Amino acid sequence: MAWVLLIIAGLVEVGWSIGMKYTEGFTRLWPSVFTGAGIVVSMVLLSQAAKTLPIGTAYGVWVGIGAAGAAVVGMVVLGEPATAARIFFVCLLLVAVVGLKATSGH
């Protein structure tokens, strides 16, 4: 169950990190509210997962999902550059996430 919570936490992190773009420096009310709520939900889920998973693994996977997801959403939805190098490094992030999962012992 901890892995499910961790994956959901990582996906919520993607949402709030993309949401920050729409807050305009936290000057827009509703995007700021949704982004803040996403931050809280993501952290709570991460903390629940970290009760049973090693913190280095849990945090690394959470950050990896969030970083890779935000980069992909940025390229696909927000029109950020989708260069070969960016795609390669996103793939490296995903390999690291899988590696952390595979070596966690859980």
Side-chain angles (χ1 to χ4, degrees):
M1 186 62 173
W3 282 105
V4 172
L5 293 175
L6 185 58
I7 290 167
I8 294 168
L11 294 173
V12 172
E13 183 188 8
V14 173
W16 69 253
S17 63
I18 295 299
M20 281 196 301
K21 181 148 182 89
Y22 296 97
T23 69
E24 295 180 13
F26 290 98
T27 61
R28 296 183 60 214
L29 178 62
W30 291 112
S32 298
V33 168
F34 290 127
T35 299
I39 291 169
V40 170
V41 169
S42 184
M43 290 285 179
V44 167
L45 292 172
L46 171 62
S47 71
Q48 292 300 309
K51 285 181 177 179
T52 56
L53 298 174
I55 191 61
T57 299
Y59 184 73
V61 168
W62 179 73
V63 167
I65 291 170
V72 168
V73 171
M75 288 184 274
V76 172
V77 176
L78 302 176
E80 295 176 0
T83 64
R86 289 189 84 198
I87 293 167
F88 172 76
F89 288 115
V90 167
C91 290
L92 281 182
L93 279 169
L94 296 176
V95 167
V97 167
V98 171
L100 285 170
K101 163 74 170 99
T103 60
S104 72
H106 286 85

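None of the values given here were measured: they were computed from a predicted structure. One is the number of the first residue; the rest follow in order along the sequence.
- Hydrophobic clustering of Ile, Leu, Val, Met, Phe, Trp and Tyr side chains at less than 4.5 Å, counting indirect connections, keeps L94 apart from I7.
- Within the structure, side-chain hydrogen bond (donor to acceptor under 3.5 Å, both in side chains) pairs that include any residue of residues 91-100 do not occur (at least two apart or interchain).
- Between Y59 atom OH and L100 atom CG the span is 12.5 Å, to the nearest 0.5 Å.
- With sequence neighbours left out, V73 forms a side-chain contact (heavy atoms from CB on, under 4.5 Å) with V14, I18, V77.
- Across every non-hydrogen atom of T52 and A2, the tightest pair is OG1-CB, 3.1 Å.
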Table please: side-chain donor-acceptor pairs of residues 31-46 below 3.5 Å, with sequence neighbours left out.
{"residue": "S32", "atom": "OG", "partner": "R28", "partner atom": "O", "Å": "2.5"}
{"residue": "T35", "atom": "OG1", "partner": "G19", "partner atom": "O", "Å": "3.4"}
{"residue": "T35", "atom": "OG1", "partner": "P31", "partner atom": "O", "Å": "2.7"}
{"residue": "S42", "atom": "OG", "partner": "A9", "partner atom": "O", "Å": "2.9"}
{"residue": "S42", "atom": "OG", "partner": "W62", "partner atom": "NE1", "Å": "2.8"}

Please set out all donor-acceptor pairs under 3.5 angstrom arising from side-chain atoms of residues 82-89, sequence neighbours excluded.
{"residue": "T83", "atom": "OG1", "partner": "R86", "partner atom": "N", "Å": "3.2"}
{"residue": "R86", "atom": "NH1", "partner": "P81", "partner atom": "O", "Å": "2.7"}

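- Applying the salt bridge (Lys or Arg N to Asp or Glu O under 4.0 Å) rule to pairs touching residues 41-52 yields nothing, sequence neighbours excluded.
- The stretch residues 17-26 participates, sequence neighbours left out, in no side-chain hydrogen bond (donor to acceptor under 3.5 Å, both in side chains) pair at all.
- Residues L53 and L11 are members of one and the same hydrophobic cluster, defined by side-chain heavy-atom contacts under 4.5 angstrom among Ile, Leu, Val, Met, Phe, Trp and Tyr.
- A search for side-chain contact (heavy atoms from CB on, under 4.5 Å) contacts involving A67 returns L93, not counting sequence neighbours.
- Atom-to-atom distance recorded for K101:NZ and L6:CG is 10.0 Å, nearest 0.5 angstrom.
- Hydrophobic clustering (ILVMFWY, side-chain heavy atoms < 4.5 Å, transitive): V90 and I65 are in distinct clusters.
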